[in-house]
J.: 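Dropping a structure here in structure tokens format, bear with me for questions.
Predicted, not measured: the structure shown is a model, and the values here were computed from it. Below, all heavy atoms of this structure are taken into account, side chains as well, without hydrogens, waters or symmetry copies.
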Amino acid sequence: MTSLVIRSAQDAIAAVPYLLGFHPARSLVVIGFEGRSRGTCAVRLDLPSADAAGRVAAVLSGNGFARSLLLGYGPAGEVAEAARPMRAALAAAGVPVAEAIRVADGRWWSLTCDDVCCPPEGIPYDVHASTVAAEATFGGHVALADRAELVSSVQPLDGAARAAMHRATERAEQRCLARPPSSAEDDLAFVLAVLARARTGSRPTDDEVAWLGLLLADLRVRDETWTRLDADAPAADIAFWRDIVRRVDPAHVPAPASLLAFAAYSAGDGGLANVALQRALDTDPAYSMAVILREVVNAGIPPAKLRMRTASSPPADHRKAG
């Protein structure tokens, strides 16, 4: 979800990479707008995507959207075949498509009109002529080249950086075995201190990252950290948790990856939230915070409602299982 204002097909084309976090290819993108929900919601599907039409329509309708836009990226035949059932499902769910277009090679074609306003060679577009890209950039949104680059942005570092983190993790494990019993409050204070410094531009050391990874295995520490993420200005938290996810020992990824996913989703960056959740679930398919957040994302629950739920404390079941 985001507050970007889309007024035209060109605005929609300019907005999509920022709504998703990357430039789509061979995709069908549905944008919900107007109605009870504030802002917009973008859902991306790989082509072909006919089987998902009903689910997407239900998500947008269930979250109070009244109208939608449809953008297809790919060959004309594939886009048209995917767009037909999606338009029908959205109309049946009370979220009619205001405009459907195909985007390719710097041009767009309308899928809803056949008159002279839509030439067969398509209409050229210039995303820089739209204010949407500037608004998105100012709001902290980033559009990577493609989904592969987005996935790569949360993958573990390698080479000398990975070797250094391996040594730091061994030191942290030895420290953990040798230290006297400590309280969750003391451990939380360390995590929050590292996060506070990161918000001012100070990158944590390898030893701090390794120690943080161990401490977040305590669900009380993780949950209390979760409630203190800055949902109103999440850019610094996103940068911090992405850095932690890439550097921490792979065995300790689920907690920081889930925290990254929450911060990203709070910022309206569903693409980053999804790839962060996948990293968490690849390590531990049963990690409850990641499982629950995956359900939240799939259901299209607005970030504002999620923030309301976690404002005082996470749901009780988060305290019982990873």
J.: Taking C-beta and beyond as the side chain, do His252 and Leu216 meet within less than 4.5 Å on heavy atoms?
T.: no
J.: In Å, rounded to the nearest 0.5 Å, how long is the span from CG of Leu293 to CH2 of Trp226?
T.: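 Spacing of CG (Leu293) from CH2 (Trp226) equals 5.5 Å.
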J.: Nearest heavy-atom pair of Ala89 and Gly54: which atoms, and what distance?
T.: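 In terms of heavy atoms, the two residues are closest at CB-N, 4.2 Å.
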J.: Linking I/L/V/M/F/W/Y whenever any side-chain heavy atoms sit under 4.5 Å apart, do Trp109 and Leu71 land together?
T.: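 The answer is no; the residues belong to distinct hydrophobic clusters.
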J.: Please tell me whether Leu219 and Leu277 are part of a single hydrophobic cluster in this structure, the criterion being side-chain heavy atoms less than 4.5 Å apart.
T.: yes
J.: How far does CG of Leu19 sit from CZ of Arg44, to the nearest 0.5 angstrom?
T.: 13.0 Å
J.: If you define the side chain from C-beta out and look only at heavy atoms, does anything of Leu45 sit under 4.5 Å from Arg55?
T.: yes
J.: Over all heavy atoms of both residues, which pair between Asp269 and Leu272 is shortest? Give the atoms and the distance, please.
T.: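 Reported closest heavy-atom pair: OD1-N, 3.1 Å.
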J.: When you measure from the side chain of Ser68 to the backbone of Val95, do you find a donor-acceptor pair of N or O atoms at a distance under 3.5 Å?
T.: yes
J.: Check side-chain hydrogen bond (donor to acceptor under 3.5 Å, both in side chains) between Thr225 and all other residues, then give those that pass, not counting sequence neighbours.
T.: none
J.: How would you list, by chain and number, every residue that makes a salt bridge (charged side-chain N to carboxylate O under 4.0 Å, His left out) with Arg228, sequence neighbours excluded?
T.: Glu224
J.: What is the distance from atom OG of Ser27 to atom CZ of Phe22, rounded to the nearest 0.5 Å?
T.: 6.0 Å
J.: Is there a donor-acceptor pair closer than 3.5 Å between any side-chain N or O of Asp249 and the backbone N or O of Glu170?
T.: no
J.: Give me the atom names and distance for the closest heavy-atom approach of Leu111 to Arg87.
T.: O-NH1, 3.1 Å
J.: Can you give me the closest heavy-atom contact between Asp126 and Gln10, atom names plus distance?
T.: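 Closest approach of Asp126 to Gln10: N-OE1, 3.1 Å.
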J.: Side-chain contact, heavy-atom cut-off 4.5 Å: Pro234 with Phe262?
T.: no
J.: Of the non-hydrogen atoms in Arg220 and Ala184, which two are nearest, and what is the gap between them?
T.: CZ-CB, 3.9 Å
J.: Under a single-linkage rule joining Ile, Leu, Val, Met, Phe, Trp and Tyr whose side-chain heavy atoms are separated by less than 4.5 Å, which residues share a cluster with Val291?
T.: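 Members alongside Val291: Leu281.
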J.: Applying side-chain hydrogen bond (donor to acceptor under 3.5 Å, both in side chains), name anything that partners Arg167, two or more places apart in sequence or on another chain.
T.: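 For Arg167, no residue satisfies side-chain hydrogen bond (donor to acceptor under 3.5 Å, both in side chains) once neighbours in sequence are set aside.
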J.: Walk me through whether Arg279 and Val245 qualify under side-chain contact (heavy atoms from CB on, under 4.5 Å).
T.: CA-CA 9 Å; Arg279 271 225 69 194; Val245 166; 3.6 Å; yes
J.: Side-chain donor-acceptor contacts of residues 144-151 below 3.5 Å, not counting sequence neighbours, with atom names and distances?
T.:
from, atom 1, to, atom 2, distance (Å)
Asp146, OD1, Ala148, N, 3.2
Asp146, OD1, Glu149, N, 2.8
Glu149, OE1, Ala145, N, 3.0

J.: Between Arg222 and Val191, is there a side-chain heavy-atom distance shorter than 4.5 Å?
T.: no
J.: My understanding is that only residues two or more places apart in sequence, or in another chain, count here; which of them pass salt bridge (charged side-chain N to carboxylate O under 4.0 Å, His left out) with Arg107?
T.: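 With sequence neighbours excluded, Arg107 shows a salt bridge (charged side-chain N to carboxylate O under 4.0 Å, His left out) to no residue whatsoever.
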J.: Could you tell me which residues satisfy side-chain contact (heavy atoms from CB on, under 4.5 Å) with Asn274, sequence neighbours excluded, listed by chain and number?
T.: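 With neighbours one apart ignored, the set is Arg294, Val297.
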J.: Do the side chains of Phe190 and Val221 get nearer than 4.5 Å, heavy atoms only?
T.: no
J.: Between Leu90 and Leu60, is a side-chain contact (heavy atoms from CB on, under 4.5 Å) present by the stated rule, with each step listed?
T.: CA-CA 8 Å; Leu90 289 165; Leu60 295 185; 4.0 Å; yes
J.: For Glu99, what residues pass the side-chain contact (heavy atoms from CB on, under 4.5 Å) criterion, not counting sequence neighbours?
T.: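 For Glu99 the side-chain contact (heavy atoms from CB on, under 4.5 Å) partners, ignoring immediate neighbours, are Leu69, Ile101, Ser110, Thr112.
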J.: Answer yes or no: are there more than 12 heavy-atom neighbours, outside Asp105 itself, under 6.0 Å from its atom CG?
T.: no
J.: Kindly compute the distance separating CG (Asp223) from CG (Leu259), expressed to the nearest 0.5 Å.
T.: 9.0 Å
J.: Say you draw a straight line from CG of Asp46 to OH of Tyr73; how long is it, rounded to the nearest 0.5 Å?
T.: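 Rounded to the nearest 0.5 Å, the CG-OH separation comes out at 14.0 Å.
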J.: Is there a side-chain contact between Arg26 and Pro75 (heavy atoms, below 4.5 Å)?
T.: yes
J.: What verdict does the side-chain contact (heavy atoms from CB on, under 4.5 Å) test give for Asp282 and Gln278, after you've listed the backbone C-alpha separation in whole Å, the side-chain angles of each residue and the deciding distance to 0.1 Å?
T.: CA-CA 6 Å; Asp282 284 345; Gln278 195 58 54; 2.8 Å; yes
J.: Establish whether Val30 and Val59 are linked, either directly or via other cluster members, by ILVMFWY side-chain heavy-atom contacts under 4.5 Å.
T.: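 Val30 and Val59: separate clusters.
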J.: Identify the heavy atoms of Trp211 and Ala172 that sit nearest to each other, and give their distance.
T.: CZ3-O, 3.4 Å
J.: Check for a donor-acceptor pair, side chain of Ser61 on one end and backbone N or O of Ala57 on the other, with a separation under 3.5 Å.
T.: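 No: the side chain of Ser61 does not pair with the backbone of Ala57.
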J.: Any sub-3.5 Å donor-acceptor pair from Arg102's side-chain atoms to Val79's backbone N or O?
T.: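 No.
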J.: Applying side chain to side chain donor-acceptor pair (under 3.5 Å) as the test, list every pair that has at least one member in residues 189-202; sequence neighbours left out.
T.: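 Pairs touching residues 189-202 that pass the test: Arg197-Glu208, Arg199-Asp237.
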J.: Using a 4.5 Å cut-off on heavy atoms from C-beta on, say whether the side chain of Leu260 contacts that of Pro256.
T.: no
J.: Donor-acceptor pairs under 3.5 angstrom involving side-chain atoms of residues 174-181: please list them, not counting sequence neighbours.
T.:
from, atom 1, to, atom 2, distance (Å)
Arg179, NH1, Ser182, OG, 2.9
Arg179, NH1, Asp187, OD1, 3.1
Arg179, NH2, Ser182, OG, 3.3
Arg179, NH2, Asp187, OD2, 3.4

J.: To the nearest 0.5 Å, how far apart are CZ in Phe65 and SG in Cys41?
T.: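 Those atoms lie 5.0 Å apart.
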J.: Would you check if Leu229 and Ser266 make a side-chain contact, meaning some heavy-atom pair closer than 4.5 Å?
T.: no
J.: Quick one: does any side-chain atom of Thr283 pair with a main-chain N or O of Val253 as donor and acceptor, under 3.5 Å?
T.: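 Not at all, since once roles are kept as given, no pair shorter than 3.5 Å links the two residues.
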J.: With sequence neighbours left out, what residues match Arg247 under salt bridge (charged side-chain N to carboxylate O under 4.0 Å, His left out)?
T.: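 Asp206, Asp243.
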J.: Only counting residues at least two apart or in another chain, list the ones meeting salt bridge (charged side-chain N to carboxylate O under 4.0 Å, His left out) with Glu34.
T.: Arg67
